[in-house]
Amino acid sequence: MLELKFIRKNPEVVRAALEKRGVDFDLEALLDLDDEWRQKLFTVEQLKSRRNAVSEEIARLKKTGGPAKALITEMREVSQQIKEMDAEIRQVEERLQGFLLQLPNIPHPLVPFGRDEADNQEIRSWGVLPAFSFAPRPHWELGEALNIIDFGRGSKVSGARFSFYRGAGARLERALINFMLDLHVDRHGYTELFPPFLVNGRSMTGTGQLPKFAADMYKVEGEDYYLIPTAEVPVTNFLRDEIVEADSLPQKYVAYSACFRAEAGAAGRDTRGLIRQHQFNKVELVKFCRPEESDDELEMLVRDAEEVLKLLGLPYRVVLLCTGDLGFAAAKTYDLEVWMPYQGVYREISSCSNFTDFQARRANIRYRPAPKAKAVFVHTLNGSGLAVGRTLAAILENYQQPDGTVVVPEVLRPYMGGLARIEPE
RNA sequence: GGAGAGAUGGCCGAGUAGGUCGAAGGCGCUCGCCUGCUAAGCGAGUAGAUGGGUAAUAGCCUGUCUCGAGGGUUCGAAUCCCUCUCUCUCCGCCA
């Protein structure tokens, strides 16, 4: 959410941001509404001021036995007016709030202009693409042949885009989660959280999923519970409505969670394999920091996520999203894309964003720069570190052998009971 | 799920026969004084949000709202009524 005052004073900045994003938004309507709101507010506050003054006067008169009758009658009238105006103002505020919640964040100045993902900028790449003496197979074939992933039973038990991991597959998934958590906790200094997987509507609004993206999420029927699409939601809302200690910043958290996505509108894309599932596992990194730190913190966040891929020996590249591809709440985003040999493309495996104060304003997370100073909004950042299902898929494809077995990356073996190679059972 | 108790400022905690209560007191914090240092002591200050005015960021003046949330009664509500949420205790159930 942007600050109303900021929009009021810098409408051209907001307009330019919307244009860069290619977003259609009726800024004029918002500004008109703001005008209307302030006018009404001023009028009703004058009435209230009078009522407060006269009420005191009445109290005084009653004490001294003076005549208060006429005043009371008059105030009855005024109170009625106030009630009506308050109702009007509430309506205007609701509409105003509706507008504000739909307004995306302003892109960081360094974000390249572009229409869609084709205009994203490659920043750097790492690793040597594996050379195969045979045609590399897709991870879903490998997974089924090795009997470590079961898509058929997943759709029987739940539906399309659900799956079971089995045997070494289940263990590999778990190994990846533990490996990532350990890395970020022990080496990168994050504090581990294990969050709730169901959150309330207020939390979803805090991070920006609601009200705009309700269709992408699962909701528990009849209750104010949503299945989280990412641990970003519970972890960012961890500090909601709080004023945190200045010297506690930056605060860095890492959390494993299952993630649930309805993926409305994605039908037909990536129908096979682990790439796009309704439920998947992810290890998420979340940071809260001072505004002046967030640029650097984003760079460090990306490095922390990259480290996972390096240690796993998976080739990847880092891409800076252009204005048109940038997410609703993000000011700047780097995607990490891992090499997928079967399709011969890089696929997103992590998305690392600086949300500046956009989420913090919605979620009301602040800190005091100095002991007596006014509390200001922190900056929030997050990034996958990494999406586990996609990582497992990448391992299967990159580490596959001519005989269909898959070599387990060195760093995961301690987590796999020493297993060095996955063979069919 | 059942029964009961509670929700007040950064924290603790007064305040219910409705009217100078945005709120006593304490702690904490800030500034100053005092003091070889530290501690103690003394004095002053110390909620947030928001509209308007003024001021080239600070600040200052002024209005409004906020005592869990929402609604109601009333000229006037922290105080009365209704609904909801959360917390605690006991019971039940359960991993």
Side-chain angles (χ1 to χ4, degrees), chain A residues 1-10 13 30-97 99-101 194-206 220 222-226 234 237-249 251 258 290-292 357 360-378:
Chain A
M1 188 160 64
L2 304 179
E3 189 186 8
L4 188 54
K5 226 183 285 178
F6 174 85
I7 301 169
R8 192 183 297 148
K9 283 185 184 150
N10 308 280
V13 174
L30 189 156
L31 291 170
D32 287 349
L33 214 50
D34 175 46
D35 245 21
E36 187 186 344
W37 173 64
R38 280 187 300 159
Q39 264 179 34
K40 288 202 152 96
L41 202 58
F42 185 74
T43 312
V44 80
E45 281 180 354
Q46 282 184 322
L47 288 175
K48 283 179 179 174
S49 175
R50 167 141 178 79
R51 181 181 67 184
N52 289 343
V54 174
S55 285
E56 255 177 63
E57 176 68 17
I58 290 172
R60 211 171 305 128
L61 287 172
K62 287 234 165 163
K63 215 173 260 175
T64 57
K69 199 99 182 176
L71 284 177
I72 288 177
T73 314
E74 186 200 337
M75 281 308 104
R76 196 168 294 159
E77 181 72 20
V78 170
S79 274
Q80 187 55 34
Q81 277 180 37
I82 289 174
K83 195 183 277 184
E84 284 164 19
M85 288 212 65
D86 270 342
E88 283 178 42
I89 289 170
R90 219 173 4 248
Q91 267 195 349
V92 173
E93 274 173 354
E94 255 168 57
R95 282 199 285 155
L96 203 53
Q97 190 69 5
F99 266 103
L100 284 174
L101 288 175
F194 200 112
F197 293 179
L198 294 178
V199 301
N200 56 34
R202 180 72 215 289
S203 293
M204 284 294 187
T205 306
V220 176
E223 302 204 55
D224 185 28
Y225 287 135
Y226 295 82
N237 281 282
F238 186 63
L239 297 181
R240 193 179 72 216
D241 294 324
E242 293 191 28
I243 298 176
V244 302
E245 292 297 325
D247 54 18
S248 75
L249 297 173
Q251 292 193 35
R290 296 178 172 82
E292 64 272 20
D357 60 359
R361 180 169 290 110
R362 285 175 166 238
N364 190 28
I365 306 168
R366 297 172 296 168
Y367 83 105
R368 257 179 246 288
K372 290 267 282 180
K374 199 169 132 93
V376 302
F377 293 109
V378 301

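In what follows, every chain begins at residue 1, and chains take the letters A, B, ... in the order their sequences are listed. Because the structure is predicted, anything quoted here is derived from the model rather than measured. The figures that follow rest on heavy atoms only: side chains count, while hydrogens, waters and symmetry mates do not.
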Let me know the distance between [atom1] of [X] and [atom2] of [N], rounded to the nearest Å.
X	N	atom1	atom2	result
A:E242	B:A47	CD	P	21 Å
A:F42	B:G63	CZ	P	12 Å
A:D224	B:C86	CG	C1'	14 Å
A:N364	B:A49	CG	P	9 Å
A:D86	B:G72	CG	P	10 Å
A:Q80	B:G72	CD	P	11 Å
A:N52	B:G18	CG	P	20 Å
A:I58	B:U74	CD1	P	14 Å

By nearest-heavy-atom nucleotide on RNA chain B, the more 5' of A:S49 and A:S79 is A:S49
Of A:E56 and A:T73, the one whose closest nucleotide on RNA chain B sits nearer the 5' end is A:E56
The residue among A:E74, A:E45, A:E57 that forms salt bridge (Lys or Arg N to Asp or Glu O under 4.0 Å) with A:R50 is A:E74
Which part of the nucleic acid, if any, lies within reach of [X] when heavy atoms closer than 4.0 Å are counted: base, sugar-phosphate only, or nothing?
X	answer
A:K40	nothing
A:L71	nothing
A:K5	sugar-phosphate
A:R202	nothing
A:R50	nothing

With a 3.5 angstrom cut-off on both distances, give the Watson-Crick or G-U wobble partner of [N], or none if there isn't one.
N	result
B:A69	B:U83
B:C37	none
B:A77	none
B:C94	none
B:A58	none
B:A24	none
B:A14	none
B:U64	B:A49

Out of [options], which nucleotide sits closest to the side chain of [X]?
X	options	result
A:R366	B:A49, B:G71, B:G76	B:A49
A:I72	B:U73, B:C75, B:G51	B:C75
A:W37	B:C65, B:G51, B:C75	B:G51
A:R8	B:U73, B:G51, B:G76	B:G51
A:K62	B:C65, B:U50, B:G19	B:G19
A:A59	B:G71, B:G76, B:G19	B:G19
A:R51	B:G76, B:G51, B:U73	B:G76
A:S55	B:U64, B:G19, B:G51	B:G19
A:R76	B:U50, B:C65, B:C75	B:C75

Rounded distance in Å between the [atom1] positions of [N] and [M]:
N	M	atom1	answer
B:G72	B:U79	P	14 Å
B:C31	B:G22	C1'	24 Å
B:A58	B:U50	P	14 Å
B:U57	B:G76	P	41 Å
B:A24	B:G45	P	13 Å
B:C29	B:U87	P	31 Å
B:G32	B:C37	P	16 Å
B:A17	B:G10	C1'	35 Å

Would you check if the side chain of [X] reaches a backbone N or O of [Y] as a donor-acceptor pair within less than 3.5 Å?
X	Y	result
A:S55	A:R51	yes
A:D357	A:F377	no
A:R8	A:D35	no
A:N200	A:D224	no

Query raised in the report: Looking at side-chain heavy atoms only, is the closest gap between A:E242 and A:I365 below 4.5 Å?
Result: no
- Query: Do A:N364 and A:D241 get their side chains close enough for a donor-acceptor pair, meaning under 3.5 Å?
  - Reply: yes
**Prompt:** Does the side chain of A:S49 come under 3.5 Å of the side chain of A:N52 through a donor N or O and an acceptor N or O?
**Reply:** no
Any A:R38 side-chain nitrogen or oxygen under 4.0 Å from OP1 or OP2 of B:G53: no
Exercise for review: Check whether any side-chain N or O of A:K48 sits under 4.0 Å from OP1 or OP2 of B:U50, and answer yes or no.
Suggested key: no
Exercise. Between A:R38 and A:D34, is a salt bridge (charged side-chain N to carboxylate O under 4.0 Å, His left out) present by the stated rule, with each step listed?
Worked result: CA-CA 6 Å; A:R38 280 187 300 159; A:D34 175 46; 3.7 Å; yes
